[in-house]
Amino acid sequence: MGPQGAGKGTQAALLAERLGVPAISTGDIFRANIKGGTELGRLVQEYTAKGDLVPDSVTNDMVRDRLGQADAADGFILDGYPRNAAQVTELDGILADLGVRLDAVLELTADRDELLGRLRKRAEIEGREDDTEDAIARRLDIYAEQTAPLTGAYSERGLLVRVDGIGSVEDVAERVAGALAGPRG
Ligand code: ADP
């Protein structure tokens, strides 16, 4: 977990490589479907472009399907899910049905100025449709309102690991590795 620009996608990919499990990013799956012109892509485009959450019914079904695929049988890293309280409940159900449990919930932190700086830079480089000023502000607001509070529940379950996301990619990756090796709370 972590706000837009905190480095979730970058760190998830590095961690996935290190652990030999897939990094599953709901945002990446939506973008690939939009690019590929699939039915799912057509369904979600209006939401992602504005920076709104895709309806839970769509997102939950997609995640359930993805986590049930063979390459996720020995573990996975989820990036961008769950993002609201209903998705936490849904994920609990999906994991129970699969007979697996979360090892840890990693939260990457960074202050708003750092996030805005990174996102504006990414907008120039990648030209993502939702890296406009309006959509960035909307996503950060939704994160603060709906997603950030979820860390409390995971902390109570003893799963939360908080890592400072400021610094070089390598430094943060080392912090992540170190934090996952230590106790949770
Ligand atoms: P960011 O974290 O920068 O917003 P993501 O790639 O994680 O980028 O997500 C891009 C968009 O995909 C979101 O703004 C939202 O529209 C949609 N999305 C991704 N994950 C979810 C989710 N768990 N629930 C609902 N919508 C999602």
Side-chain angles (χ1 to χ4, degrees), residues 1-16 21-69 71-72 76-95 102 105-151 153-154 165 169 172:
M1 308 188 86
Q4 287 71 19
K8 293 188 304 291
T10 304
Q11 295 300 329
L14 290 173
L15 190 59
V21 298
I24 297 172
S25 156
T26 46
D28 281 351
I29 297 174
F30 288 141
R31 276 186 291 279
N33 276 276
I34 292 168
K35 206 171 160 206
T38 69
E39 195 186 328
L40 175 65
R42 279 193 292 279
L43 201 63
V44 304
Q45 199 269 342
E46 60 172 307
Y47 300 98
T48 61
K50 277 190 276 187
D52 282 331
L53 292 185
V54 168
D56 285 345
S57 54
V58 175
T59 308
N60 289 338
D61 282 356
M62 184 191 81
V63 171
R64 182 178 283 277
D65 178 72
R66 181 65 188 87
L67 294 186
Q69 287 171 24
D71 68 333
F76 49 81
I77 295 165
L78 263 179
D79 165 13
Y81 186 94
R83 255 166 145 103
N84 61 29
Q87 292 181 9
V88 170
T89 305
E90 179 70 15
L91 180 59
D92 286 340
I94 295 171
L95 297 179
L102 294 177
V105 174
L106 187 73
E107 182 187 14
L108 274 180
T109 62
D111 58 69
R112 197 168 172 114
D113 282 347
E114 173 78 16
L115 300 172
L116 287 172
R118 290 183 186 180
L119 290 168
R120 286 181 186 135
K121 204 161 133 193
R122 184 172 81 185
E124 285 171 22
I125 298 167
E126 293 180 21
R128 248 173 70 169
E129 194 177 19
D130 60 352
D131 276 346
T132 59
E133 287 291 322
D134 278 359
I136 286 172
R138 176 115 189 94
R139 278 145 64 224
L140 286 172
D141 285 350
I142 293 175
Y143 186 85
E145 280 164 25
Q146 297 190 40
T147 312
L150 307 178
T151 58
Y154 285 124
V169 169
V172 176

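No experiment lies behind these values; they were computed from the predicted model shown.
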So, do [X] and [Y] sit near enough that their side-chain heavy atoms are less than 4.5 Å apart?
| X | Y | answer |
| --- | --- | --- |
| Tyr154 | Leu102 | yes |
| Val105 | Thr151 | no |
| Pro22 | Gln69 | no |
| Leu119 | Arg122 | yes |

Would you compute the distance between atom [atom1] of [X] and atom [atom2] of [Y] and round it to the nearest 0.5 angstrom?
| X | Y | atom1 | atom2 | result |
| --- | --- | --- | --- | --- |
| Met1 | Thr109 | CE | OG1 | 13.5 Å |
| Thr147 | Leu53 | OG1 | CG | 6.5 Å |
| Thr59 | Arg83 | OG1 | CZ | 9.0 Å |
| Arg66 | Phe76 | CZ | CZ | 10.0 Å |

Whether over 12 other heavy atoms sit under 6.0 Å from Glu39 CD: no
Residues that Leu116 engages under side-chain contact (heavy atoms from CB on, under 4.5 Å), provided they are two or more places apart: Arg112, Arg120, Ile136, Leu140
Contacts of type side-chain contact (heavy atoms from CB on, under 4.5 Å), residue Glu124, not counting sequence neighbours: none
Closest approach of Pro149 to Tyr143 (non-hydrogen atoms, all atoms of both residues): CD-O, 4.3 Å
Gln146: side chain to side chain donor-acceptor pair (under 3.5 Å) partners, not counting sequence neighbours: none
For a quick test of your reading: what N or O donor-acceptor pairs under 3.5 Å do the side chains of residues 6-13 make, sequence neighbours left out?
residue : atom : partner : partner atom : Å
Lys8    : NZ   : Gly2    : O            : 2.7
Gln11   : OE1  : Ala173  : N            : 3.4
Gln11   : NE2  : Val169  : O            : 3.1

Identified side chain to side chain contact (heavy atoms under 4.5 Å, CB included) partner of Pro82 from the options Leu91, Asp92, Asn60: Leu91
Side chain to side chain donor-acceptor pair (under 3.5 Å) contacts touching residues 48-58 (sequence neighbours left out): Asp52-Arg138, Asp56-Asn84, Asp56-Gln87
Under-4.0 Å salt bridge between Lys121 and Asp131: no
Could you tabulate the donor-acceptor pairs under 3.5 Å formed by side-chain atoms of residues 28-36, not counting sequence neighbours?
residue : atom : partner : partner atom : Å
Asp28   : OD1  : Arg31   : NH2          : 2.8
Asn33   : OD1  : Thr38   : OG1          : 2.7
Asn33   : ND2  : Ile29   : O            : 2.8

